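Since the model is a prediction, treat every value here as computed from it, not as a measurement. Here, residue 1 is the first one in the sequence, and each next residue gets the next number.
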Amino acid sequence: MSDTFNPQCDTCGHITSTINLVVETTFWRVVLAADQAYLGRSFVTLKNHKESLSELSTEEWDDFRILVRRIENGYEEVFNSGRPFNWACMMNNACKESEPTPHVHWHVRPRHSQPITVG
């Protein structure tokens, strides 16, 4: 469970879910997106409620750096994906609300040089 929790934040409400959980570290959780039309599409979510990258501690950044390597190496091995990966931290939907409650998270999309068939 996160050290900080915001009851108005939709993301905080889903932090403990184990659905599609790939890996969890001290500060981050990685889950596969339900829609896998783009194989390996994932979300990397900060377990503590922080609304901006500038709020991350040195420890959270260090943990994230190590996690990025794990994710990219793992997806490269499992999905035969290539580098560079697509990483995005947008939080657009939360900021469209009348009382915005963004929560730091990343969207990850591995690149694939050829169509992937799962069978």
Side-chain angles (χ1 to χ4, degrees):
M1 185 67 181
S2 64
D3 293 330
T4 58
F5 179 83
N6 181 334
Q8 280 70 48
C9 173
D10 289 337
T11 302
C12 281
H14 297 290
I15 288 293
T16 58
S17 173
T18 57
I19 297 172
N20 298 331
L21 181 65
V22 175
V23 67
E24 183 172 8
T25 69
T26 302
F27 298 104
W28 301 90
R29 290 177 53 88
V30 181
V31 297
L32 286 174
D35 177 4
Q36 285 294 299
Y38 202 93
L39 187 64
R41 180 173 168 244
S42 307
F43 301 103
V44 178
T45 306
L46 185 65
K47 291 162 60 173
N48 292 318
H49 182 85
K50 294 189 178 175
E51 297 185 355
S52 172
L53 292 174
S54 64
E55 297 176 21
L56 269 61
S57 69
T58 300
E59 293 82 11
E60 289 164 334
W61 275 117
D62 288 345
D63 193 40
F64 180 71
R65 180 182 49 81
I66 294 165
L67 182 59
V68 166
R69 284 190 185 137
R70 286 179 68 187
I71 292 169
E72 290 188 356
N73 290 339
Y75 284 10
E76 215 168 22
E77 184 178 323
V78 172
F79 299 130
N80 196 28
S81 29
R83 295 185 191 221
F85 282 62
N86 293 308
W87 289 84
C89 182
M90 300 174 284
M91 299 182 283
N92 291 332
N93 289 341
C95 293
K96 291 178 184 175
E97 298 172 6
S98 60
E99 292 187 36
T101 54
H103 186 119
V104 171
H105 68 282
W106 297 85
H107 297 245
V108 182
R109 288 188 178 193
R111 294 177 189 264
H112 305 288
S113 60
Q114 298 182 25
I116 304 296
T117 304
V118 178

Taking all non-hydrogen atoms of both residues into account, name the closest pair between Asn6 and Glu51 and its distance. ND2-OE2, 4.2 Å
Cluster link Val78 to Val31, ILVMFWY, side chain under 4.5 Å: no
Smallest heavy-atom separation, His105 atom then His107 atom, equals NE2-NE2, 3.3 Å
Val44 and Phe64, any side-chain heavy atoms less than 4.5 Å apart: yes
Between Phe43 and Asn20, is any pair of side-chain heavy atoms under 4.5 Å apart? no
Relative to the ring of His112, is the ring of Phe79 parallel (under 30°), tilted (30 to 60°) or perpendicular (over 60°)? perpendicular
Tell me whether Gln36 contacts the main-chain N or O of Arg41 through its side chain, where contact means a donor paired with an acceptor under 3.5 Å. yes
Can you tell me if Asp63 and Thr25 form a side-chain donor-acceptor pair at under 3.5 Å? yes
Which pairs with one or both residues in residues 67-79 pass side chain to side chain donor-acceptor pair (under 3.5 Å), sequence neighbours excluded? Ser42-Tyr75, Glu72-Arg83, Glu72-Trp87, Asn73-Arg83, Glu76-Arg83
Tyr38 and Met90: same hydrophobic cluster, using ILVMFWY side-chain contacts below 4.5 Å? no
Closest approach of Leu46 and Ile15, non-hydrogen atoms and distance? O-CD1, 3.7 Å
Is a donor on one side and an acceptor on the other found under 3.5 Å between the side chain of Thr18 and the backbone of Leu21? no
Any donor and acceptor pair, going by atom type alone, linking the side chain of Glu24 with main-chain N or O of Trp28 inside 3.5 Å? no
Are the side chains of Glu55 and Val104 in touch, meaning some heavy atoms are under 4.5 Å apart? no
Provide the closest heavy-atom pair for Val22 versus Leu32 in the form atom of the first, atom of the second, distance. CG2-CG, 3.7 Å
Please report the interatomic distance OG1(Thr45) to CZ(Phe27), rounded to the nearest 0.5 Å. 15.5 Å
Residues two or more places apart in sequence or in another chain: which of them pass side-chain hydrogen bond (donor to acceptor under 3.5 Å, both in side chains) with Asn86? Arg111
Should we count CG of Asn80 as having more than 12 external heavy atoms under 6.0 Å? no
So do His103 and Met91 actually touch side chain to side chain, heavy atoms under 4.5 Å? no
CD1-OG1 distance between Ile66 and Thr26, expressed to the nearest 0.5 angstrom: 9.5 Å
Determine yes or no for a side-chain-to-main-chain donor-acceptor pair under 3.5 angstrom, with His49 supplying the side chain and Cys9 the backbone. no
